Amino acid sequence: MEAKLGRKITVIGAGAVGATIAYSLSQRSHASEVVLIDVNEKKANGEALDIVQSTSFRDPIRIVAGDYEEARDSDIVIITSGVARKPGQTRLELAKTNVGIIKDIAPKITAVAPNAIYVLVANPVDVLTYVFTKVSGLPESQIIGSGTILDSARLKCILAQKLHIAQKNVHSYVFGEHGDSSFIPWSTVRVAGVSLDEYVSLMRSMGHPVETIDKDDIYHYVQKSGGQIIADKGATFYGIAASVMNICDLLTSAFDSVTCVSTMMHGEYGVSDVCLSMRVLIGPNGVTGRLPLPLTNEEIDKMQHSERVLKEILSQIEI
């Protein structure tokens, strides 16, 4: 194996999501080396060759497919391996299958990259993040689940469209499980520094025709748009790839930033020993803390409902 060139990122899983993440990394400045690993070595080789041939117009970068030894001393490892949910398959059945995959991967990759920051992407991501935390033996600061970062991006996208304002001016999150028990803490939504209702009133007072926000419709959009994409094109990968790129942005920056990802909870909102999404402080040293926002009692109840949903699944899985 060649000497390490600089920052090194390994992507485990060369399916649609993993390949799109690897391609996105090849077009950015996060890494000088990208390693792609998959049980289907031929697929990984083909993706790596296709991706590296797209890098002629940027500074040199090494893109290779290989085994776990090739991933040695990686700085960031992104795990996308897992099967998609099949028609008629229960969430528990999917969880058991993908937990088995994670338990197989964990000792192989942590043996060669014990100091890497790990980003779990495969679903059910909160379950897999919890299992990886338990079986890897790594400090929790090194483990991040993508969680509801994509849900939060979808929320920001639709709110910006409805309000006719740039997405960067919308600060909103989806909390809890990346799944059916997720929720929008509407009390925390801010648009250009004010609450959602205040912003709508302010715009109307200025003569701007801003429509009333139907919160139930917005929640339905956030919950169901992923399924719509899958129904229309077979898979969703651009959104999650962009979300993972954002996580990589934060992990390779000089200072910590706040985002909404899944990490092990330790009493926040009365929730413990489960991985769920809330505001988390992450940066070059991984997870450095969680920043609870004040929630209403109803919102806290929803977070605790997510905890119960996840723990019910975890209670039926052998870890």
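Computed from heavy atoms alone, side chains included, the values below leave out hydrogens, waters and symmetry copies. Just so it is clear, the structure is predicted and the values come from calculations on it, not from any experiment.
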Might you point out which heavy atoms bring [X] and [Y] nearest each other, and give the distance in Å?
X	Y	answer
Ile78	Ile76	CG1-CG2, 4.1 Å
Cys260	Thr148	SG-OG1, 3.3 Å
Val112	Ala71	CG2-C, 4.3 Å
Pro294	Thr188	O-CG2, 3.8 Å
Asn45	Ala65	OD1-CB, 3.2 Å
Leu36	Ala22	CD1-CB, 4.2 Å

Spell out, as yes or no, whether a donor-acceptor pair under 3.5 Å connects the side chain of [X] to the backbone of [Y].
X	Y	value
Ser306	Ser181	yes
Thr80	Val17	no
Ser136	Ala106	no
Ser74	Val77	no
Arg279	Leu291	yes
Glu312	Glu307	no
Thr288	Ile282	no
Ser182	His178	no
Lys156	Lys168	no
Gln304	Val271	no

Heavy-atom distance under 4.5 Å between the side chains of [X] and [Y], does that happen here?
X	Y	value
Ile12	Tyr68	yes
Val189	Ser195	no
Val135	Ile319	yes
Ile61	Glu33	no
Met278	Met303	yes
Asp126	Val274	no
Tyr269	Leu295	yes

Linking I/L/V/M/F/W/Y whenever their side-chain heavy atoms sit closer than 4.5 Å, directly or via other members, would [X] and [Y] fall into one cluster?
X	Y	answer
Ile317	Leu310	yes
Ile184	Val280	no
Val191	Met203	yes
Leu159	Leu293	no
Ile247	Tyr238	yes

Exercise for review: Please determine which of Thr129, Leu128, Val127 meets the side chain to side chain contact (heavy atoms under 4.5 Å, CB included) test together with Val125.
Suggested key: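 The side chain to side chain contact (heavy atoms under 4.5 Å, CB included) with Val125 is passed solely by Thr129 among Thr129, Leu128, Val127.
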Distance check, rounded to the nearest 0.5 Å: [X] atom [atom1] versus [Y] atom [atom2]?
X	Y	atom1	atom2	value
Leu251	Arg7	CG	CZ	9.5 Å
Ile102	Ser81	CD1	OG	7.0 Å
Ile63	Ile9	CD1	CD1	9.5 Å
Leu94	Lys96	CG	NZ	12.0 Å
Asn169	Leu163	CG	CG	10.5 Å
Ile149	Arg154	CD1	CZ	12.0 Å

Review point. Side chains of Glu140 and Thr133: is there a donor and an acceptor less than 3.5 Å apart?
Key: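 No.
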Check your understanding: Looking only at side chains, do Asp273 and Tyr130 share a donor and an acceptor under 3.5 Å apart?
Key ->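 Yes, a side-chain donor-acceptor pair sits under 3.5 Å.
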Greater than 12 external heavy atoms within 6.0 Å of [X]'s [atom1]:
X	atom1	result
Lys233	NZ	yes
Lys162	NZ	no
Glu298	CD	no
His208	NE2	yes
Gln316	CD	yes
Asn297	CG	no

Carboxylate-amine/guanidinium contact [X] [Y], below 4.0 Å:
X	Y	answer
Arg72	Glu69	yes
Asp249	Arg28	yes
Lys224	Asp217	no

Check your understanding: Please walk me through it: do Val287 and Ile143 pass side-chain contact (heavy atoms from CB on, under 4.5 Å)?
Key -> CA-CA 7 Å; Val287 179; Ile143 303 168; over 6 Å; no
Exercise for review: Give the intermediate values and the outcome of salt bridge (charged side-chain N to carboxylate O under 4.0 Å, His left out) for residues Arg190 and Glu198.
Suggested key: CA-CA 9 Å; Arg190 295 293 180 269; Glu198 288 176 302; 5.9 Å; no
Practice item. Determine, stepwise, if the pair Ile79 / Val121 fulfils side-chain contact (heavy atoms from CB on, under 4.5 Å). Key: CA-CA 6 Å; Ile79 303 178; Val121 180; over 6 Å; no
Point to revise | Parallel, tilted or perpendicular, as decided by the 30° and 60° cut-offs, for the rings of Phe175 and Phe183 | key: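 Perpendicular.
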Practice item. Apply the test side-chain contact (heavy atoms from CB on, under 4.5 Å) to residues Met245 and Ile21: give CA-CA distance (whole Å), side-chain angles for both, the deciding distance (0.1 Å), then the verdict. Key: CA-CA 7 Å; Met245 288 305 98; Ile21 289 172; 3.8 Å; yes
Check your understanding: Passes side-chain contact (heavy atoms from CB on, under 4.5 Å), Thr55 versus Gln27? Steps please.
Key -> CA-CA 7 Å; Thr55 63; Gln27 303 301 308; 4.3 Å; yes
